[in-house]
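This report refers to the structure that appears directly beneath it.
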Amino acid sequence: MTLRPIRRADTEALRALWNRAAVHDPLSAPLFDEKVWDDPGFTPDLALAADAAGEIAGFAFGVVRPSDDGPRGVIKLLAVAPERQREGIGTRLVEALETAMQAAGATAIRLGESPPNYLSPGLDPRYTRALLLFEKRGYTRLREAYHMAADLAGQTFDTDADEQALTADGITVRRAAGSDQETVMTFLDEHWPPWKAEIGRTFANDPVSLHLAFEGGAVLGFSAYDANNVGTGWFGPMGTAPAARGRGVGAVLLKRCLADMKAQGHATSTIPWVAPIAFYAHHVGAEISRLFYRYEKKLGG
């Protein structure tokens, strides 16, 4: 078995292998391209296939992203053909990524969490063999992350009355237009700089998949969908300026996005990597749908 960089010609073989191995996270062809080839951090050194007798037995894909602590490696995807597991293939792929990431300046590696382009915020513990592999290699569990799911089919997401109340309070809510992008980016610079890339992606969608709240021409809050994992019913990110919280802005913005996703034909929406669980449960009846373990391994001294 040899390790080599993956090639675009491998795409369908890689995707088929992934969908056999990662049964909880199937990837369509467009979504595979988004996660791999379209990631701005793609580099051949961090995209490796395990070639055995001319067939791909496994592959791994990672990136190095900036963080507050310096460059950080992230293993985004790791898959080994089910019939070839327990042969050391996953270990070899992970070892190779660790070496390449350290050479690229990374001082730590995490699993999955690679905003603005990520599939999961950690490792689903149902992938038990992967969990054991990473723990054996010295990855330490940090904390947990959750997804929630909101039922779309059974709700109307009517915000007319709430929007009238906001208007009476001097707040207007509408879908973003292309001309809003600079204003929105300035708002994000002040409050949530890490979300600029994801929100920027929404302006490429038709219609723009971003709703905004304004007061006196100033942005108070935003809510997005199809900013990541496009076409899957993926909600977020969203945020309301701290000074404007408690005025009903966030709930209206959330429901506007879910109404759009319902119109796209989705029966449910994924609300990923949730912090305010009570907010989503209260306003749209969302429930926790997935659990992820967040892992990190320090590199070097």
Quick one: are the ring centres of Y139 and Y295 less than 6.0 Å apart?
no
For D39 and V63, indicate whether the former's side chain and the latter's backbone hold a donor-acceptor pair under 3.5 Å.
no
Nearest 0.5 Å, what's the CG-OG1 distance between D162 and T167?
11.0 Å
In Å, rounded to the nearest 0.5 Å, how long is the span from NE2 of H24 to OG of S120?
12.0 Å
Please lay out, stage by stage, how L212 and F187 fare under the test side-chain contact (heavy atoms from CB on, under 4.5 Å).
CA-CA 11 Å; L212 302 172; F187 176 74; over 6 Å; no
Do L220 and W192 belong to the same hydrophobic cluster, where Ile, Leu, Val, Met, Phe, Trp and Tyr are linked whenever their side-chain heavy atoms lie under 4.5 Å apart, directly or via other members?
no
How about E182: does its CD atom have over 12 heavy atoms from other parts shown lying under 6.0 Å from it?
no
Has N19 got a side-chain atom pairing as donor or acceptor with L27's backbone, closer than 3.5 angstrom?
yes
H147: side chain to side chain contact (heavy atoms under 4.5 Å, CB included) partners, not counting sequence neighbours
P121, W234, T270, P272, S289, R290, F292
If hydrophobic clusters are built by linking Ile, Leu, Val, Met, Phe, Trp and Tyr wherever their side-chain heavy atoms come under 4.5 Å apart, do L93 and F61 end up in the same one?
no
Using a 4.5 Å cut-off on heavy atoms from C-beta on, say whether the side chain of W195 contacts that of P115.
no
Exam field: side chain S28 to backbone L31, donor-acceptor pair closer than 3.5 Å:
yes
Taking salt bridge (charged side-chain N to carboxylate O under 4.0 Å, His left out) as the criterion, tell me which of E135, E98, E95 meets it with K297.
E98
Kindly say whether G122 contributes a backbone atom to a donor-acceptor pair with the side chain of W273 at under 3.5 angstrom?
no
Using only atom types and a distance under 3.5 Å, with no angle test, would you say the side chain of S269 pairs donor to acceptor with the backbone of A150?
no
Any chance you could measure T11, atom OG1, to D33, atom CG, to the nearest 0.5 Å?
6.0 Å
Is a side-chain donor or acceptor of Q264 paired with a backbone partner of G231 at a separation under 3.5 angstrom?
no
Using a 6.0 Å cut-off, check whether atom CD of Q155 has over 12 heavy atoms from anything other than its own residue.
yes
H211 vs T159, test: side-chain contact (heavy atoms from CB on, under 4.5 Å). Steps then yes/no.
CA-CA 13 Å; H211 292 269; T159 59; over 6 Å; no
Just so I know, are the side chains of L291 and Y146 near enough to count as touching, which here means a heavy-atom distance under 4.5 Å?
yes
Please answer: with hydrophobic residues joined when any side-chain heavy atoms are less than 4.5 Å apart, are F214 and L210 in the same cluster?
yes
Is any NZ, NE, NH1 or NH2 atom of the basic residue among R15 and E12 found under 4.0 Å from an Asp or Glu carboxylate oxygen of the other?
yes
Residues F157, L152; criterion side-chain contact (heavy atoms from CB on, under 4.5 Å); working and verdict:
CA-CA 9 Å; F157 305 112; L152 303 183; 3.7 Å; yes
Is it true that K255 and E163 make a salt bridge, defined as a side-chain N closer than 4.0 Å to a carboxylate O?
no
Salt-bridge criterion met for E296 and R294 (N-O under 4.0 Å):
no
Working to the nearest 0.5 angstrom, can you tell me the gap between D226 CG and M261 CE?
7.5 Å
Can you hop from V74 to L111 via hydrophobic side chains spaced under 4.5 Å?
no
Does R201 pair with D38 as a salt bridge, N-O distance under 4.0 Å?
no
Residues, nucleotides or ligands: over 12 heavy atoms within 6.0 Å of H282 NE2:
no
Sidechain-backbone polar pair: K262 side chain, A267 backbone, donor-acceptor under 3.5 Å:
no
Please name all residues satisfying side chain to side chain donor-acceptor pair (under 3.5 Å) with Y293, sequence neighbours left out, ordered by chain then number.
none
So, the side chain of D51 versus the backbone of G54: is there a donor-acceptor pair under 3.5 Å, distance only?
yes
I'd like to know if the side chain of N229 reaches the main chain of Y118, judged simply by a donor and an acceptor atom lying under 3.5 Å from each other, with no hydrogens or angles considered.
yes
When rounded to the nearest 0.5 angstrom, what is the spacing between OG1 in T268 and NE2 in H266?
8.5 Å
Please check this pair: side chain of R65 against backbone of S114, looking for a donor-acceptor N/O pair closer than 3.5 Å.
yes
Mind checking whether W37 and I6 have side chains closer than 4.5 Å, heavy atoms only?
yes
As an exercise, state the distance from CH2 of W18 to NZ of K35, rounded to the nearest 0.5 Å.
11.0 Å
